Amino acid sequence: MAFKAGIIGAGNAGNWHANSVKKIPELAEVAAIADLDDKCLKRVGRKNPGADLCTDYHDILKRPDIDCIHICLPHHLHAKICVEAFEAGKHVLCEKPIANTLEEADAMIAAGRKAGKILMIAENQLFLPAHRKMKELIDAGVIGLPKLVRTYEGGSEVNNMSDPTCWKGKVEESGGGAWIDSGIHRVGVVLYLIGDIDSISGRAARCMPEMNCTADDNCSFSVGFEKGAIGSIDCSFTVASEWNNTIEIYGTKGTILEDHNREQPLKLFSTLPGPDQGKWVCPEVEHRPYPGYYPLTFELEVKHFYECVSEGREPFVTGEFGKKALEVILLGYEASETGRTIYRNKN
């Protein structure tokens, strides 16, 4: 029997989640959608005619037939509603970042444990097949030991950041700007591919003050990894082109390059003996350039969530992983504010 899903938040993320649930009718169905914005609610509701629509999310939480909650809301609401969902006996798939503070993240993780329910963070970038392939190649030693990492995400949020009614430009709701909203993707990916980050320096800045918001719109950070590599993470909300993500990993025996907006996103160069030694090759992976990688990754993450619920197993992106990524983001903001290099787990 398919699990019944309640989606709280009918913005862009909520729409992607609803669309993804519809791809797995054998596992789940959209039973209810909640949003305070009647326009957004009706827009998503039209594509999910079997779902009940409501403006009060409590109407979803109190339904005993709903098994799972998708939290697709501004960052400052994640912890409150996640804890309430666990108290109502639901499993939770919560959009990134897990929360705005580590204390909120701890409360979410603790509530899930107490309820005996699954908490998964919806970090869709970790489900990109190209990233999974990169991890496979790195773990197999194809590029030797990674020593230098460069990653970027950018696009335009100028309209949202300029809108005084939008949460994205308000630090008290978003927790920041480009760094917490886009940087959390890049941090999650490098944590997965390379390992823990133990130091960070750099700046999150408002480069377009005319947008009249309180959040950072561009950021650039240098990081050090526990395993000895160094790297850079750059994000922008003011790019005058389509959204894109890239990552470059340079190892002692080779290089891997990834670009979301290419038909073949991966390029590999390895000095290991073999037929392709010393040549650039393009490993084949399932991929769809912008905007196609959005439905691809959302569908894979949502399917994974319901498989975990069905089988009672831990998800790939746990609450603990979400907290670790958030910790790096918060250390980055501290580095930006103080102008110092901040070290994790050191005084």
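Worth knowing before you read on, the calculation uses all heavy atoms, side chains too, and leaves out hydrogens, waters and symmetry mates. This one's a predicted model, so the numbers in the text were calculated from it and none came from an experiment. Numbering starts at 1 and runs along the sequence shown.
Between Asp52 and Arg63, at least one side-chain nitrogen of the basic residue sits less than 4.0 Å from a carboxylate oxygen of the acidic one, meeting the salt-bridge criterion. Checked for salt-bridge contact, Arg262 and Asp259 meet the test: a charged N lies under 4.0 Å from a carboxylate O. A salt bridge is defined here as a Lys NZ or Arg NE, NH1 or NH2 lying under 4.0 Å from an Asp or Glu carboxylate O, and Glu311 with Arg313 meets this definition. Between Lys90 and Asp67 there is no salt bridge, since none of the side-chain N atoms of the basic residue sits less than 4.0 Å from a carboxylate O of the acidic one. For the pair Arg113 and Glu320, the salt-bridge criterion is met [side-chain N within less than 4.0 Å of a carboxylate O]. For Glu123 and Lys96, the salt-bridge test fails: no basic side-chain N is under 4.0 Å from an acidic carboxylate O. A salt bridge between Lys133 and Glu136 is present, with a side-chain N of the basic residue lying under 4.0 Å from a carboxylate O of the acidic one.
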Inset, instruction - With side chain to side chain contact (heavy atoms under 4.5 Å, CB included) as the test, would you mind laying out the steps for Leu27 and Lys303 before giving the verdict? - result: CA-CA 8 Å; Leu27 288 172; Lys303 182 180 180 182; 4.2 Å; yes

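Not less than 6.0 angstrom separates the ring centroid of Trp243 from the ring centroid of Tyr294. The six-membered or imidazole ring of Phe298 lies away from that of Phe127, with a centre-to-centre distance of 6.0 Å or more. When ring centroids are compared, Tyr290 and His260 stay outside the 6.0 Å threshold.
A cation-pi arrangement, defined by a distance under 6.0 Å to the six-membered ring centre and an angle within 45 degrees of its axis, is absent between Lys147 and Tyr250. In this structure, Arg132 forms a cation-pi arrangement with Phe316, its terminal cationic atom sitting closer than 6.0 Å to the ring centre and no more than 45° off the ring axis.
Summarising the geometry of Ile98 relative to Gly319, their closest heavy-atom pair is CD1-O, 3.5 Å, with the distance given to 0.1 Å. Taking every heavy atom of both residues into account, Leu191 and Ala325 meet most closely at CD1-CA, 3.8 Å. Shortest non-hydrogen contact noted between Gly176 and Ala215 is O-CB, 3.1 Å.
Atom CZ of Phe225 and atom CG of Leu148 lie 9.5 Å apart (nearest 0.5 Å).
Residues in residues 25-35 take part in these side-chain hydrogen bond (donor to acceptor under 3.5 Å, both in side chains) pairs, two or more places apart or across chains: Lys4-Glu29.
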